Amino acid sequence: MTKRELAKVYNPQEVEDKWYEYWLKNGYFYAKVNPDKKPYTIVMPPPNITGVLTLGHVLNNTIQDIYIRWKRMQGYEACWIPGTDHAGIATQNVVEKAIAKEGLRREDLGREKFLERVWQWKEEYGNTIIKQLKKLGVSCDWKRERFTMDEGLSNAVKEVFIRLYEKGLIYRGKYIVNWCPRCHTALADDEVEHKEQSGKLWYIKYPIENSEEFITVATTRPETMLGDTAVAVNPKDERYKHLIGKFAILPLVGRRLPIISDESVDMEFGTGAVKVTPAHDPNDYLLAIKHNLEFIVVMDTYAKMNENVPEKYRFIDRYEARKEVVKDLEAYGYLAKVEDYTHAVGRCYRCDTVIEPYLSDQWFVKMKPLAEKALQVVLDGQIKFYPERWVKVYEHWMRNVRDWCISRQIWWGHRIPVYYCDDCGEIMVEREEPKSCKKCGSTKIRQDEDVLDTWFSSWLWPFSTLNWPDDNADLRYFYPTDLLVTGPDIIFFWVARMIMAGLEFMGKIPFREVYFTSIIRDEFGRKMSKSLGNSPDPLDVIQEYGADALRFTIVYLAPLGQDILFSTKKCEIGRNFANKIWNAGRFLIMNLDEVEYKEEMKFNYLDIADKWILSELNKTIKELNHALETYRINDATRTIYDFLWHDFCDWYLEIIKDRIYSPESKDEKIAVLSRAVYIFETALKLLHPFMPFITEEIWQNLRDRKEGASIMIEPFPTVDEKWINDEISKNMKFIQDIIVAVRSIRGEMNIPHTKFCDVIINTSNNDRKDLVNEYVSYIKRLARVQNVTVSSGIKRPKFSASAVVSGDEIFVPLEGLIDLEIERKRLEKEIKRYETMLSETERKLSDQNFINRAPSDVIERERQKYENFKLTLEKLRQNYAYLIE
RNA sequence: GGGCGGUUAGCUCAGUUGGUUCAGAGCGCCACCCUUACAAGGUGGAGGUCAGAGGUUCGAAUCCUCUACCGCCCACCA
């Protein structure tokens with residue numbers, strides 16, 4: 001289409017896909033080892049293959065893309081490595097649900113066939129989120145895309161397991177773990193979510209052997225009493241001292257329970273006596289080891305009661321059993337009382353099922369030795385957190401770190417590389433499956449059934465994606481990575497463990513800076529969730545507003561460390577902004593139809609407005625870079641938004657219209673337009689990391705580009721200090737203030753836009769007189785003025801409105817138009833404003849403490865203010881007096 | 001029980017080192033305008049005791065303490 005046919009309204013749907021294809025085709029996203037450039041690396045937090053794009057991903061990946069594009073334009077070898085996570089439990093659950101529709105359970109298929117189905121599912125749907133991400137415009141190096149279960153990463157996982165095992169940092173043991181009866185697997189401590197819930201506290205009387213006495217215990221899980229093997233009291237507790245060493249008889253079961261004493265028992269809680277269920281409670285487990293108690297497992301892996309309980313409770317669900325036990329206790333008179341009780345219940349983070357503490361064999365990683373160094377590098381600033389406050393959270397966790405349960409009783413994941421000899425029991429930890437037992441030569445070898453926690457592969461992500469453990473050029477060049485962008489909710493799951501792994505296996509930190517993103521909530525502050533249905537589909541938002549608008553809006557709304565309240569409607573901010581710059585571009589393109597852009601003329605015919613906008617532009621570059629360097633991304637968006645909309649469009653483009661429509665020479669027109677194009681292009685480059693599509697579209701249309709040119713590989717603008725000029729700003733501000741003052745009068749007097757007025761400026765300052773004379777055309781155009789008179793000693797014309805700017809009087813004659821009442825009020829308001837400001841500075845200046853203690857420049861400024869206010873006030877009062885006489 | 005964050009205009013929120021006209025923006029509202037880039041726009045306007053109380057300071061939205069309310073995280077009180 002020809003330039004003139006550009007649509008009046010920007011239509012993102014027409015251009016976004018086109019440019020993404022173009023960038024891909026030209027290979028601009030690819031990174032390679034380049035000794036002439038410094039690397040800048042980001043690894044993408046790999047989304048789950050089960051995932052669909054959420055606003056959380058949008059925020060996260062927009063931020064990463066902003067940094068990658070910014071650094072790429074700054075001349076770094078920018079490498080952004082994408083990928084996906086196999087998400088063990090989540091994916092297995094999804095596929096189980098899918099086969100359930102065919103009436104199948106995974107056991108029906110068997111391990112091998114089931115895994116085939118999972119891979120099939122992965123091939124079909126596993127890349128959904130990646131495809132969706134591309135709509136956002138992310139500039140990842142897709143040649144480097146990885147998957148946590150691909151061959152290279154699987155090798156890395158094995159390697160790490162073996163190294164840690166050989167170092168004695170991985171061990172197997174019987175422990176109480178968090179068991180999800182639904183997912184049928186153990187969970188790590190941090191995979192359990194504690195949620196407040198109202199329940200009951202049951203008080204149960206246990207008879208004392210050979211006595212009429214009872215000891216009463218309290219519990220929230222009465223069904224576990226069937227597995228009790230002791231009762232514990234505090235040794236200092238006078239109420240129970242006489243019972244220590246005796247036995248209680250477990251109701252419904254009849255077992256003899258020793259009554260033991262232990263400091264850990266809280267005398268204040270409940271009755272002060274605790275039932276001890278070693279196989280089903282982590283505290284009780286510790287107690288049992290200490291006191292050498294019996295362990296009785298009373299549930300199976302589906303949380304049904306097992307054969308170790310009296311017959312009538314066998315094989316029924318835990319909650320069914322709870323009802324029965326309570327009913328029976330009551331019937332036999334063992335139930336002392338029931339209280340309402342609110343407590344935190346652990347739930348599976350994947351399926352929300354209440355977890356059951358469960359005694360089983362699991363694999364663990366010893367965390368203490370890994371945690372120490374990992375804490376140190378954050379405390380001493382080698383790794384910086386933004387916002388910094390997360391350091392404290394991190395520190396607390398690292399100091400209290402507990403061993404990490406890494407085995408999962410599911411099928412989808414990295415199989416644990418441990419082999420058992422069925423004949424002699426030898427345990428072999430090997431890269432390849434051994435043919436025979438190393439010890440006894442038996443061929444009855446069996447691999448551990450369990451798989452590894454998903455995070456056991458993710459924690460290697462910053463270097464496994466660069467083909468570790470191979471020592472290779474990419475790894476040496478791109479590692480350590482520079483920036484990690486992630487949510488604070490996975491600081492322990494992932495961030496902490498990556499730091500540990502980086503230090504342990506690479507001997508270097510995995511990343512230098514960590515940006516913790518905001519949590520996105522809906523407009524009422526509620527978390528986005530599927531069940532509430534308050535989570536907009538980003539693809540719909542992109543369809544409606546455009547990817548640029550979504551990107552811009554979401555980071556505009558996301559101050560560092562603050563939650564953001566999002567609603568689709570807010571994307572109007574970004575859409576309107578896109579449309580604004582689209583039209584600015586259209587304006588320039590339309591005018592460029594008549595003259596050519598001339599690079600070498602862009603600084604010719606400079607006047608005050610040109611110098612002013614160049615000054616503002618360079619300030620903007622400075623501020624924007626600084627904001628990005630300090631991760632105040634929303635500040636960066638505001639800076640470029642204000643510059644483009646207010647400085648460039650509202651003021652500058654309006655001002656140069658005179659020189660475009662009626663230039664003194666053709667050269668002047670060329671110079672002015674070339675300059676406007678140059679400034680606009682520079683601003684587009686600044687904006688490009690935030691809004692890649694529209695900036696490319698406009699940039700390509702502004703003038704002829706070579707095949708393969710792209711704004712995304714243009715150098716990022718740098719500051720040229722010589723343009724930053726406060727004197728120019730001050731003078732320009734004077735002109736602007738006159739315009740604003742006249743507009744204000746016009747506005748309040750309701751003078752129609754079509755009607756021109758005259759302006760009379762009374763000033764005795766020659767510099768300002770010259771300024772006005774020189775730039776009178778700006779005042780005329782921007783304030784809709786016919787004649788401007790500037791002189792000293794001018795009397796206020798009758799029937800005129802007035803204002804004071806920099807101590808100079810401005811009169812707008814309004815014969816027949818002026819509403820004296822309005823003007824009176826306007827002046828009164830203005831007088832009052834100045835009176836307040838004057839009295840405030842007066843108060844300060846008469847305060848001896850202020851004079852004695854404040855720095856001299858502050859005092860000097862205050863004095864100037866005082867003079868200025870006084871003068872202005874005088875004139876305002878004079879004019880007011882004329883008005884009412 | 002411990003820790004963290006928030007409270008600024010009707011709504012959503014900025015406000016970096018305490019000090020220039022610092023009390024701001026966007027949306028909404030009111031008025032005038034389809035002015036040859038843009039009505040997804042322009043110009044002007046109304047609107048706030050910066051949650052409350054105390055303190056530090058010549059000076060506080062900004063620093064300190066306490067209080068209230070909202071939200072989050074951590075913790076084995078059965």
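Every chain is numbered from 1, with letters handed out A, B, ... down the list of sequences. All values derive from a computational prediction rather than experimental measurement.
A distance of about 25 Å separates the P atoms of B:C4 and B:U56, rounded to the whole Å. Between the P atoms of B:C22 and B:U65, the separation comes to 30 Å (whole Å). One C1' atom belongs to B:A60, the other to B:U17, and the distance between them is 14 Å to the nearest Å. Taking atom P in both B:A46 and B:A51, the straight-line distance is 23 Å, to the nearest Å. One P atom belongs to B:C64, the other to B:U57, and the distance between them is 16 Å to the nearest Å. Going from the C1' atom of B:A14 to that of B:C50 covers 13 Å, rounded to whole Å. Between B:U8 and B:G26, the distance separating the two C1' atoms is 15 Å to the nearest Å. For the C1' atom pair drawn from B:G48 and B:A23, the interatomic distance equals 8 Å after rounding to whole Å.
For B:A37, its base sits under 3.5 Å from the side chain of A:Glu654 at one donor and acceptor pair at least. Between the side chain of A:Arg575 and the base of B:A40 there is at least one donor-acceptor pair of N/O atoms closer than 3.5 Å. Applying the 3.5 Å distance criterion, the base of B:U43 shares no donor-acceptor pair with the side chain of A:Arg743.
Of the side-chain N and O atoms in A:Lys580, one or more sit less than 4.0 angstrom from OP1 or OP2 of B:G42. Side-chain N/O atoms of A:Arg402 include one lying less than 4.0 angstrom from OP1 or OP2 on B:C76. OP1 or OP2 of B:A37 lies within a sub-4.0 Å distance of a side-chain N or O belonging to A:Tyr661. Listed pair A:Lys8 / B:A39 meets the phosphate criterion, a side-chain N or O lying under 4.0 Å from OP1 or OP2. Close to B:C4, at under 4.0 Å from its OP1 or OP2, lies a side-chain N or O of A:Lys392. Within the structure, a side-chain polar atom (N or O) of A:Trp645 is placed less than 4.0 Å from OP1 or OP2 of B:G42. Remark: A:Tyr341 is in phosphate contact with B:A78, judged by side-chain N or O atoms under 4.0 Å from OP1 or OP2. Dashed line: the shortest gap from a side-chain N or O of A:Lys657 to OP1 or OP2 of B:A37 is under 4.0 Å.
When Watson-Crick and G-U wobble pairs are counted only if both distances are under 3.5 Å, B:C29 pairs with B:G45. Base pairing of B:U56 is not made with any nucleotide, judged by Watson-Crick or G-U wobble geometry with both donor-acceptor distances under 3.5 Å. Pairing of B:A23, defined by two Watson-Crick or G-U wobble distances under 3.5 Å, is not identified with any nucleotide. Pairing for B:G5 goes to B:C70, judged as Watson-Crick or G-U wobble with the two contacts each under 3.5 Å. The base-pairing partner of B:A37, taking Watson-Crick or G-U wobble contacts with both distances under 3.5 Å, does not exist among the strands shown.
Between A:Glu697 and A:Asn701, the side chains place a donor N or O and an acceptor N or O closer than 3.5 Å (distance only, hydrogens not considered). For the residue pair A:Thr639/A:Asp635, the side-chain donor-acceptor check at 3.5 Å is not satisfied. Side-chain contact, A:Arg632 with A:Thr630: a donor N or O sits under 3.5 Å from an acceptor N or O.
Among B:U16, B:G19, B:C77, the nucleotide with an atom closest to any side-chain atom of A:Asp635 is B:U16. Nearest to the side-chain atoms of A:Arg638 among the listed nucleotides B:A37, B:C13, B:G5 stands B:C13. Which of B:A37, B:C74, B:G41 sits closest to the side chain of A:Asn576 comes down to B:G41. For A:Arg586, taking side-chain heavy atoms from C-beta onward, the closest of the listed nucleotides B:G26, B:A78, B:A37 is B:A37. The side chain of A:Asn750 has B:C32 as its nearest neighbour among B:C32, B:C74, B:C4. Nearest to the side chain of A:Lys829, among B:G26, B:A46, B:A78, sits B:A46. When distances are taken from the side chain of A:Ser744 to each of B:A14, B:G44, B:A78, the shortest belongs to B:G44. Nearest nucleotide to the A:Val740 side chain, out of B:G44, B:A40, B:C74: B:G44. Minimum atom distance to the side chain of A:Asn634 is reached by B:A14, of the listed B:U20, B:A25, B:A14.
A:Asp262 CG to A:Lys290 NZ: the interatomic distance, rounded to the nearest 0.5 Å, is 4.0 Å.
Rounded to a whole Å, the NZ atom of A:Lys844 is 11 Å from the C1' atom of B:C22. Counting to the nearest Å, the P atom of B:C76 and the CZ atom of A:Arg221 are 14 Å from each other. Nucleotide B:C4 holds its P atom 14 Å from the CD atom of A:Glu388, rounded to whole Å. In this structure, A:Ile573 atom CD1 and B:A25 atom C1' are separated by 10 Å, rounded to whole Å. Across the protein-nucleic acid pair, A:Lys825 atom NZ and B:G45 atom P stand 16 Å apart, rounded to whole Å. Going from atom NE2 of A:His646 over to atom C1' of B:G26 covers 9 Å, rounded to whole Å. Distance CD (A:Glu572) to P (B:C11): 19 Å, rounded to an integer number of Å. Counting to the nearest Å, the C1' atom of B:U16 and the CD1 atom of A:Ile633 are 15 Å from each other.
With salt bridges taken as basic N to acidic carboxylate O contacts below 4.0 Å, one links A:Glu356 and A:Arg318. Ion pairing of A:Lys275 with A:Asp284 is absent here, as no side-chain N (NZ or NE/NH1/NH2) approaches a carboxylate O to less than 4.0 Å. Salt bridge A:Arg824/A:Glu828: present, at least one basic N to carboxylate O contact under 4.0 Å.
Here the rule is ring-ring contact (aromatic ring centres under 6.0 Å, His included) with A:Phe680, and of A:Phe648, A:Phe643, A:Phe587 only A:Phe648 fits it.
Using a 4.0 Å heavy-atom criterion, one finds that A:Pro357 contacts no nucleic acid atom at all. Residue contacts for A:Asp650: at a heavy-atom cut-off of 4.0 Å it reaches the sugar-phosphate backbone alone, with no base atom in range. A:Asp847 comes within 4.0 angstrom of sugar-phosphate atoms only, judged by non-hydrogen atoms across all strands, and of no base. Heavy atoms of A:Lys733 sit nowhere under 4.0 angstrom from any nucleic acid atom. At the heavy-atom level, A:Glu748 lies under 4.0 Å from the strands shown only through sugar-phosphate atoms.
Outside the 6.0 Å centre-distance limit, the rings of A:Trp390 and A:Tyr394 are not counted as a close aromatic pair. For an aromatic pair to be called close, the ring centres must be under 6.0 Å apart, and A:Tyr556 with A:Tyr641 satisfies this.
Between A:Arg632 and A:Phe869, it is A:Arg632 whose nearest contact on RNA chain B lies nearer the 5' terminus. Both A:Phe648 and A:Pro752 lie close to RNA chain B; mapped to their nearest nucleotides by heavy-atom distance, the more 5′-ward contact belongs to A:Pro752.
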